Amino acid sequence: MRIQDMIEGRKEWRAHMARVKALPQDYQIVYKEIQRYLIKVGPVELSEGTELLSGIVDLFEEGAAGGQYVLDVTGRDVAAFCDELIKDSKTYADLYQEYLEQKK
Amino acid sequence: MLKGVLEGCVLEIISRKETYGYEITRQLNALGFSDVVEGTVYTILVRLEKNKLVETTKKPSDMGPPRKFFAINDAGREELQRIWAKWAFVSSKINELKEQRT
Amino acid sequence: MNFWEKITGSDMKKEFQAFEQRVQKLPADYRAAWEQINTNLWAHSDFTGRNLMPIFDGVLGLLEETAAEGQSVVEALGGDIKGFCLAVAGDEGTPTYRDKWRAQLNNNIARKLGK
């Protein structure tokens, strides 16, 4: 997959994952599930760098430092949190859709 | 409907004084929006920043990682005016509708 | 990709032909909108499109009604065809991949955090 190729192995990505690993266990679990979901949905920001994902780590680091429970930071409906986060972003599915419309 | 209103609230809070996510969340909680969490505010802040309605600065905090502070800019102030004008319109219409009840 | 290409069973072919005949009776702007709706709705479907049949029927019904009232298609759908499709597909409870992933995300988290 393209996104993986672009980010895997890169220094930025390793530094990012190191921050994830420093989070408390419950935050790590939620982070990893969020990342998996976002890669599937495929907002275009994912291929533009780690900004989207590292923003989430920023948020989680702050929550963890304040001793909050992870779901009190994201809300119980983590999917809703993710969707809200990428609400204005185009996904690969959107791009494909536009391509289809142009082809007509 | 609440989502749009919250965006206005967050921008309003930022317009009063430079502040950060956690503080904004607590302020909204204190206002009575009890189910608003950091994550909710975070998604709004990301959008405000992307739409260039706020300026951000990272500042060290005495506890934990550095904090991102948000301050309103001119575009943000204009947007805020628009938001409140829209809100005034919507709430006056809702009241009008309610008063038609006999 | 044309939606005909995605159709599998012949029972569905018949249904689609019936839809197509109804579409031909619509005014030109409605026919154009229908084409777009078609493409958009497929994004919310599995590949056979069986779960879309009742939605197609409902949407066509709406288009026929508003066309009969002499409204323009933009007035009827509000100009945002994609949003309209999202709303109808959502209303009918069509499970999309995105919905499945959403549920997976929340379930995985609940399972892994639950002690």
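Nothing here was measured: the structure is a model prediction, and the numbers come from that model.
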Open item on the list: Quick check: under 4.5 Å, non-hydrogen atoms only, which of residues 16-24 of chain B neighbour chain A?
Closed with: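 Under the 4.5 Å heavy-atom cut-off, Tyr20(B), Tyr22(B) qualify.
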
- [ ] Pull out the residues in residues 69-85 of chain B that come under 4.5 Å of chain A, heavy atom to heavy atom, sorted by number.
- [x]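 The stretch does not come within 4.5 Å of chain A.
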
TODO: Quickly, which of Asp72(A), Thr74(A), Leu59(A) forms a side chain to side chain contact (heavy atoms under 4.5 Å, CB included) with Glu38(B)? Name it, please.
DONE: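 Only one of Asp72(A), Thr74(A), Leu59(A) forms a side chain to side chain contact (heavy atoms under 4.5 Å, CB included) with Glu38(B), namely Leu59(A).
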
TODO: Any chance you could lay out the side-chain contact (heavy atoms from CB on, under 4.5 Å) test for Lys87(A) and Arg47(B), step after step, and finish with the verdict?
DONE: CA-CA 9 Å; Lys87(A) 195 169 81 176; Arg47(B) 208 165 319 128; 3.5 Å; yes

- [ ] Give every residue pair that meets the salt bridge (Lys or Arg N to Asp or Glu O under 4.0 Å) criterion with at least one member in residues 18-30 of chain A, sequence neighbours excluded.
- [x]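 Qualifying pairs: Arg19(A)-Asp58(A), Arg19(A)-Glu61(A).
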
Open item on the list: Heavy-atom pairs under 4.5 Å with chain B: which of Gly55(A), Gly75(A), Ala80(A) has the most?
Closed with: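 Option with the top pair count is Gly55(A).
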
Out of curiosity, [X] [atom1] to [Y] [atom2], how far, rounded to the nearest 0.5 Å?
| X | Y | atom1 | atom2 | value |
| --- | --- | --- | --- | --- |
| Asp77(A) | Thr40(B) | CG | OG1 | 10.5 Å |
| Asp35(B) | Arg76(A) | CG | CZ | 12.5 Å |
| Thr43(B) | Ile56(A) | OG1 | CD1 | 11.0 Å |

TODO: Could you tell me which portion of Leu85(A) (side chain, backbone, both or neither) has an atom closer than 4.5 angstrom to a non-hydrogen atom of chain B?
DONE: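 Both parts, heavy atoms under 4.5 Å.
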
- [ ] Assess whether atom NZ of Lys52(B) is packed by more than 12 heavy atoms of other residues, nucleotides or ligands within 6.0 Å.
- [x]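 Open: at most 12 neighbouring heavy atoms sit under 6.0 Å from NZ of Lys52(B).
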
TODO: Go through the structure and list residues passing ring pair (Phe, Tyr, Trp, His ring centres under 6.0 Å) with Tyr42(B), not counting sequence neighbours.
DONE: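 Here no residue qualifies.
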
